[in-house]
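Chain letters run A, B, ... following the sequence lines, proteins first and then strands; every chain starts at 1.
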Amino acid sequence: MTVRLRVEAAGPLTSMQDAGRRGALRFGVPRSGPVDPFAFAAALTAAEPDCGTAIEVSLGGLTLTCLEGEIGFALCGAGFTGEVDGRMIGAWQRAVLGPGQRLRIRHGGGNWACLAFSGATTAPHWLGSRATHALSGLGGGMVRAGDVLEYHAARTPEPAALAAPAALPDDPIGIVLGPQERFFAAAALEQLCTAPFTASGTFDRMGRVLEGPPLVPLRLDMPSEPALPGCLQLTGDGRMTMLMADHQTTGGYPKIATVIRADLARLAQLDGGTALRFEAVSTEEATARLRRHLAAQTQALRRLVPAANLAERLSGQNLVGGVIDALDGDET
Amino acid sequence: MSAPVVRAVGEAAVLIEFGDRIDAAINARVVALDRALAAAPPHGLVETIPAYCSIMLEYDPLMTTQAELVAAALALADSASATVIKGREHVVPVSFDPLDGPDLDQVAAQAGLHWEEVIAAFLAGRYRVFLYGFAPGYAYLGGVPPVLQLPRKPIAQRGHPAGSVIIAGPQCLITTLPMPTGWWVIGRTDLAILDPASERPFRFDPGDTIRFERA
């Protein structure tokens, strides 16, 4: 069955995303993909789309009307909630949208959620991926009011309340110092690891501003260097930005430290105005935390849908690569 | 030739630096290592990003360790450093019509030249593709003649179309997206550096040389 959904309203950061695009960083194209890979993996695990693609929703929310057909969907991520024709279906849910019905997704804590439909999207690929680079719109594309989204081979899995993961810890955010920590005075490095910072409400898919004491670089004379998500970049006035999924692939501002992968999505999901601290760790410790983080996510995915056969789902879909590794490690 | 410096970028990437300035010989070592890694990728290598004088190696920390990855890359860097990479040459036609190059007059005034002399100096330059950076298809070219090397504008200005030929300091760039820029807009080309629908969407490779001609 073919399903057509009309976008009635969409926040400016709403986009089609798959697991991300590999191999094009060298051409200035970031990986893109979901800001919160676990929310994405959960939405795909619950909705089982045939396309490995979900719609990423941010603070502005999303309202869709089903013009034709009937289709299941899963909504996962932070405290985002859904309503079908005004009937609240809560956060972390699998449900069905029928002809003429209106789905409204609202922010209710956190910044990012994923909405996956049980069908195959007609959104375009670019360079082998539907991950959308928001700035250029290349990939599956931004989702905007007035668009009509089409899904083929639509299915309607049983509605279910999904097992939302445990609340995120408020431990310090792990960082590995560098690659340009030498551009900063010892006092600035000390402040980075001891002073309180605030996750500001100023963010998009490229990065998030983190407020705190200004960490002014001693010099700004570096040729542009490559960058990755998690890099903490400082401008000349000492303002810090954490790079995210659609980051610039190179930059000429020094990067004092890199947020460890286990804590990237946690930092991106913090409500605007939340206080945080950083803790410098070794790369070995960061790797150990990543292993534990992925193993915990695998466990959470296993519990997500009652009676779900996780291994089968994971093998059929391109989810977070590390989740499968962690699962294998966990079972042997 | 100095030994490369390795810096950790979190637990899943390292930066290998061959120097700290924009220089064709240093960039040639970056390009040589990049190609050696593509020909014989070490176990666990995910992706590489070559830049002016450094290359980022992203790896899967669940498949390899930083020490193993770095050892494999440095061994390749040793053997690759002797390899001379010959890039391709591209010719890019540029319109210098005042609508296409709105900053030509200002560049001329700052350089103390007639605008026709600015165009002649620009066309006489030999340009090298150092890297792609920032956004899709933004190829950073070095080789702007010293007389045209100006500091960027204090404030970025909006509204320059894709294909704009822009300069700042020793660098030149052909834009692929309509974006604000603080660089000087001196012309525009119809040649698409980024062609999203193409089998080969990116026209240049790092190490290639560019010659501009008047359209």
Side-chain angles (χ1 to χ4, degrees), chain A residues 22-31 124 126-127 133 135-139 174-182 221-231 246 248-252 255 257-262 264 281-291 294 321-322 325-326 329, chain B residues 5-15 17 19-23 26-27 34 38 46-58 60-63 65-67 130-140 142 162 170-171 176-179 193-194 196-197 201-206:
Chain A
R22 296 230 164 179
L25 284 163
R26 60 177 45 254
F27 296 116
V29 185
R31 189 154 297 147
W126 186 52
L127 299 177
H133 175 253
L135 195 62
S136 65
L138 291 167
I175 53 174
V176 174
L177 290 180
Q180 277 96 36
E181 75 275 30
R182 67 192 182 285
D221 57 347
M222 55 182 272
S224 282
E225 274 195 354
L228 285 174
C231 283
D246 282 358
Q248 56 271 39
T249 59
T250 63
K255 298 172 285 288
T258 311
V259 174
I260 66 174
R261 298 219 165 173
L264 265 179
V281 300
S282 65
T283 56
E284 291 79 9
E285 171 61 16
T287 304
R289 290 188 189 186
L290 178 62
R291 249 178 225 288
L294 292 175
D325 293 337
Chain B
V5 176
V6 179
R7 303 185 195 281
V9 185
E11 77 277 33
V14 289
L15 195 62
E17 291 178 359
D20 58 4
R21 62 183 197 281
I22 298 174
D23 175 284
I26 294 171
N27 184 247
D34 182 49
V46 173
E47 194 158 348
T48 62
I49 320 176
Y52 279 113
C53 45
S54 60
I55 180 168
M56 177 96 83
L57 275 54
E58 189 189 12
D60 183 341
L62 304 185
M63 288 175 68
T65 65
Q66 188 185 304
F130 278 87
L131 69 146
Y132 282 97
F134 186 63
Y138 271 57
Y140 283 71
Q171 304 181 96
T176 61
L177 298 169
M179 291 254 275
I193 309 310
L194 169 65
F202 305 96
R203 188 172 291 273
F204 308 145
D205 284 309

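Contacts of A:L25 with chain B are made by both backbone and side-chain atoms, with heavy-atom separations under 4.5 Å. Heavy atoms of A:L127 lying under 4.5 Å from chain B belong exclusively to its side chain. Neither the backbone nor the side chain of A:E181 comes within less than 4.5 Å of any heavy atom in chain B. Heavy atoms closer than 4.5 Å to chain B are found in the backbone of A:A227, but not in its side chain. Interface remark: B:L15 contributes side-chain atoms only to the contact with chain A (heavy atom separation under 4.5 Å). There is no contact between A:A288 and chain B, counting heavy-atom distances below 4.5 Å. In this structure, chain A has heavy atoms under 4.5 Å from both the backbone and the side chain of B:I49. Heavy-atom distances place both the backbone and the side chain of B:Y52 under 4.5 Å from chain A. Heavy atoms of B:P61 lying under 4.5 Å from chain A belong to its backbone as well as its side chain.
Ion pairing between A:R31 and B:E58 holds under the 4.0 Å rule for side-chain N and carboxylate O.
We find the OH-OG1 distance between B:Y132 and A:T249 to be 11.5 Å, quoted to the nearest 0.5 Å.
Taking B:F130, B:F134, B:F204 one by one and counting their heavy-atom pairs under 4.5 Å with chain A, the maximum is reached by B:F134. Heavy-atom pairs under 4.5 Å with chain A peak, among B:L177, B:L131, B:T48, B:I55, at B:T48. Residue with the most contacts toward chain A among B:A51, B:P206, B:P178, B:G133: B:G133 (heavy-atom pairs, distance under 4.5 Å). Chain B forms the most heavy-atom pairs under 4.5 Å with one residue out of A:M222, A:R22, A:Q248, A:R261, and that residue is A:R261. Counting heavy-atom pairs closer than 4.5 Å to chain A, the top residue among B:A13, B:C53, B:P196, B:S54 is B:P196.
In this structure, the side chain of B:E11 does not engage the main chain of A:T287 through any donor-acceptor pair within 3.5 Å. Under a 3.5 Å cut-off, the side chain of A:E225 and the backbone N or O of A:G252 do not form any donor-acceptor pair.
Looking at B:Q66 and A:E284, their side chains never bring a donor and an acceptor atom within 3.5 Å of each other.
A 6.0 Å sphere centred on CG of B:D20 holds no more than 12 heavy atoms belonging to other residues, nucleotides or ligands.
A:I260 and A:A286 make their closest contact through CG2-CB, 3.5 Å (heavy atoms, listed as atom of the first residue, atom of the second, distance). Residues A:T258 and A:P179 share a closest heavy-atom pair of OG1-CD, 4.2 Å.
A search for salt bridge (Lys or Arg N to Asp or Glu O under 4.0 Å) contacts involving A:R182 returns B:E17, not counting sequence neighbours.
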